[in-house]
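Just so it is clear: chains get the letters A, B, ... in the order the sequence lines come, proteins before strands, and each one is counted from 1.
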Protein chains: 2
Amino acid sequence: MQEKELVQLFQHFKKYTALPEKAEEAIAAICSPITIKKNRDLQPIGHTCKTIYFINKGIARIYYFKDGIDVTENFFFENSIIARVESLFTGKPSRKAIQVLEDAEITGINANLLFKLYDSFPEIERLFRKIFEAAYVETVHRIEGIQFHTAEERYKALLLEAPDILKRVPLKYVASYLGITQVSLSRIRGLM
Amino acid sequence: MQEKELVQLFQHFKKYTALPEKAEEAIAAICSPITIKKNRDLQPIGHTCKTIYFINKGIARIYYFKDGIDVTENFFFENSIIARVESLFTGKPSRKAIQVLEDAEITGINANLLFKLYDSFPEIERLFRKIFEAAYVETVHRIEGIQFHTAEERYKALLLEAPDILKRVPLKYVASYLGITQVSLSRIRGLM
DNA sequence: CTATTCATTTATCATATGATAAATAATCAC
DNA sequence: GTGATTATTTATCATATGATAAATGAATAG
């Protein structure tokens, strides 16, 4: 594991809570570096999520198929944690995949070993509690953004809150993320 | 605090993780019983969430106003935990309120004191970590249920997955929960 | 019990979005 | 660099849902 990427990871963790050195070492020991090419699946559909990922570089999305149609659930950028929580927290196989949208460098954290670390390092349990609490809050905001807003409102909100998505991600993925067809998204963009 | 209601609370906690007796006592010490009449707000809009609630009896909903329109974010039944997490986990005031839809008996858990207990009782931190992880997973499922489904599909899914909501909750609240108007909901019901 | 308020349904019309097809534009493999 | 594939836009038509109004039904206060 490259030192540089671990530094980036622990830098990210500091936003949530401080970790004693021993705890950092313990986490470092269960991390693996992953280099992956654009458009490849980091995790396929149907497998149980046993890894928590951190993006050092690149973009990724979680997606699944609804009636044969590719639906993007979420996008993830540099310095963020990705996990298919509905699988990670339940132990059930996930119907969702993680795909990388640019050549990426990723740190994989072995989830089972991490959960074991919770017993010896309450600070680590606290860290990940806070990480997922923050992700939970984001998800709640997401619902608010969907409920009772028109497609156009949702597009404008995205333009305001996460313009990077529109700059770096193919529109066809953005469309399903917004819950509309690609054609509708194109029409909405055309009006502005 | 009534013994009976605490038993019900700890019974609920057992679904997530076992607690040592001392931890249960520590939690019991920060709980207060609340009796509240139908249609009253348990927590008003604009206040910062400092209490985690457990419903011993009754139903509640979280709601807010979007452009002057009452929107239901979620429903909660007996034996469930309610919190406006976007306020609880960020310390910011909530734009949402909690309202009781039937005469209810509720246990309030002082959140600040609870978070202090996390330091001395890792088991308590673990318990609430798991509780909110499970709630997070539910929220992720919720998004899946909204994205790319028609109003009719969403109604039918609700009929299947949570028929109790339709039995015990006024339809006007169900409509905004489904992200549609009351009139549309009525029309959809009429077709079936 | 009665009157009043509130909730639900029904009807009509307007509009946003979906479905499909075709034209352009951009990207990729070789 | 060129052809082939893929992404995006544009156009047309169909339909689900919203907005509004009015009628019916249920709940509540006094």
All N/O contacts under 3.5 Å from nucleotides 25-30 of chain C to the protein, with atom names and distances to one decimal?
unit_1 : atom_1 : unit_2 : atom_2 : d
C:dC28 : OP1    : A:K38  : NZ     : 3.3

May I have the distance from [X] (atom [atom1]) to [N] (atom [atom2]), rounded to whole angstrom?
{"X": "B:F148", "N": "C:dG18", "atom1": "CZ", "atom2": "C1'", "result": "10 Å"}
{"X": "B:L101", "N": "D:dA27", "atom1": "CG", "atom2": "P", "result": "15 Å"}
{"X": "B:I188", "N": "C:dT8", "atom1": "CD1", "atom2": "P", "result": "15 Å"}
{"X": "B:K172", "N": "C:dT5", "atom1": "NZ", "atom2": "P", "result": "15 Å"}
{"X": "B:Y173", "N": "C:dT8", "atom1": "OH", "atom2": "C1'", "result": "14 Å"}
{"X": "B:Y155", "N": "D:dT17", "atom1": "OH", "atom2": "P", "result": "14 Å"}

List for me each residue that meets ring-ring contact (aromatic ring centres under 6.0 Å, His included) alongside [X], sequence neighbours excluded, and say none if there are none.
{"X": "B:Y63", "answer": "B:F65"}
{"X": "A:Y173", "answer": "none"}
{"X": "B:Y136", "answer": "A:Y136"}
{"X": "B:F89", "answer": "B:F132"}

[X] atom [atom1]: more than 12 heavy-atom contacts under 6.0 Å:
{"X": "A:R40", "atom1": "CZ", "answer": "no"}
{"X": "B:K37", "atom1": "NZ", "answer": "no"}
{"X": "A:K15", "atom1": "NZ", "answer": "yes"}
{"X": "A:I69", "atom1": "CD1", "answer": "no"}

Practice problem: Using five pairs at either end of the helix from C:dC1-D:dG30 to C:dC30-D:dG1, determine the angle between the two local helix axes and round it to 10 degrees. | Solution: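 Angle reported: 60°, given to the nearest ten degrees.
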Quiz item: Picking from A:R142, A:R84, A:R95, what satisfies salt bridge (Lys or Arg N to Asp or Glu O under 4.0 Å) with B:E144?
Solution: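 In the set A:R142, A:R84, A:R95, the residue that makes a salt bridge (Lys or Arg N to Asp or Glu O under 4.0 Å) with B:E144 is A:R95.
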Quiz item: Same cluster or not: are A:F148 and B:I146 linked, directly or through other Ile, Leu, Val, Met, Phe, Trp or Tyr residues, by side-chain heavy atoms under 4.5 angstrom apart?
Solution: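 Looking at the clustering, B:I146 is in a separate group from A:F148.
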Quiz item: Taking only residues two or more places apart in sequence, or in another chain, which ones meet A:R154 in a side-chain contact (heavy atoms from CB on, under 4.5 Å)?
Solution: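 Partners of A:R154 under the side-chain contact (heavy atoms from CB on, under 4.5 Å) test: A:H149, A:A151, A:L178, A:I180.
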Self-check item: side-chain contact (heavy atoms from CB on, under 4.5 Å) partners of A:A23, counting only residues at least two apart
Solution: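 So A:A23 forms a side-chain contact (heavy atoms from CB on, under 4.5 Å) with A:L19, A:P20, A:F121, A:I124.
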Self-check item: Note, A:R189 side chain near A:L171 side chain (heavy atom, < 4.5 Å)
Solution: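 The answer is yes; the side chains approach within 4.5 Å.
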Quiz item: Using a heavy-atom distance cut-off of less than 4.0 Å, which residues of residues 63-77 of chain A contact DNA chain D?
Solution: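 Close to the strand, none.
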Exercise. Strictly below 4.0 Å, heavy-atom distances to any atom of DNA chain C: list the hits from residues 158-168 of chain B, or just say none.
Key: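 Those residues: none at all.
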Quiz item: Of the non-hydrogen atoms in B:S87 and B:C49, which two are nearest, and what is the gap between them?
Solution: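 Result for this residue pair: OG-N, 2.8 Å.
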Quiz item: Parallel, tilted or perpendicular: which describes the rings of B:Y118 and B:F128, with under 30° parallel and over 60° perpendicular?
Solution: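 Rings of B:Y118 and B:F128: tilted, 30 to 60°.
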Practice problem: Please list all pairs passing the salt bridge (Lys or Arg N to Asp or Glu O under 4.0 Å) test where one or both residues lie in residues 58-70 of chain A, with sequence neighbours left out. | Solution: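 Residue pairs with at least one partner in residues 58-70 of chain A: A:R61-A:D70, A:K66-B:E153.
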Practice problem: Any chance you could list the contact pattern along nucleotides 9-16 of chain D? Use B for base contacts, S for sugar-phosphate-only contacts and - for none, protein heavy atoms under 4.0 Å, 5' to 3'. | Solution: BBBB----
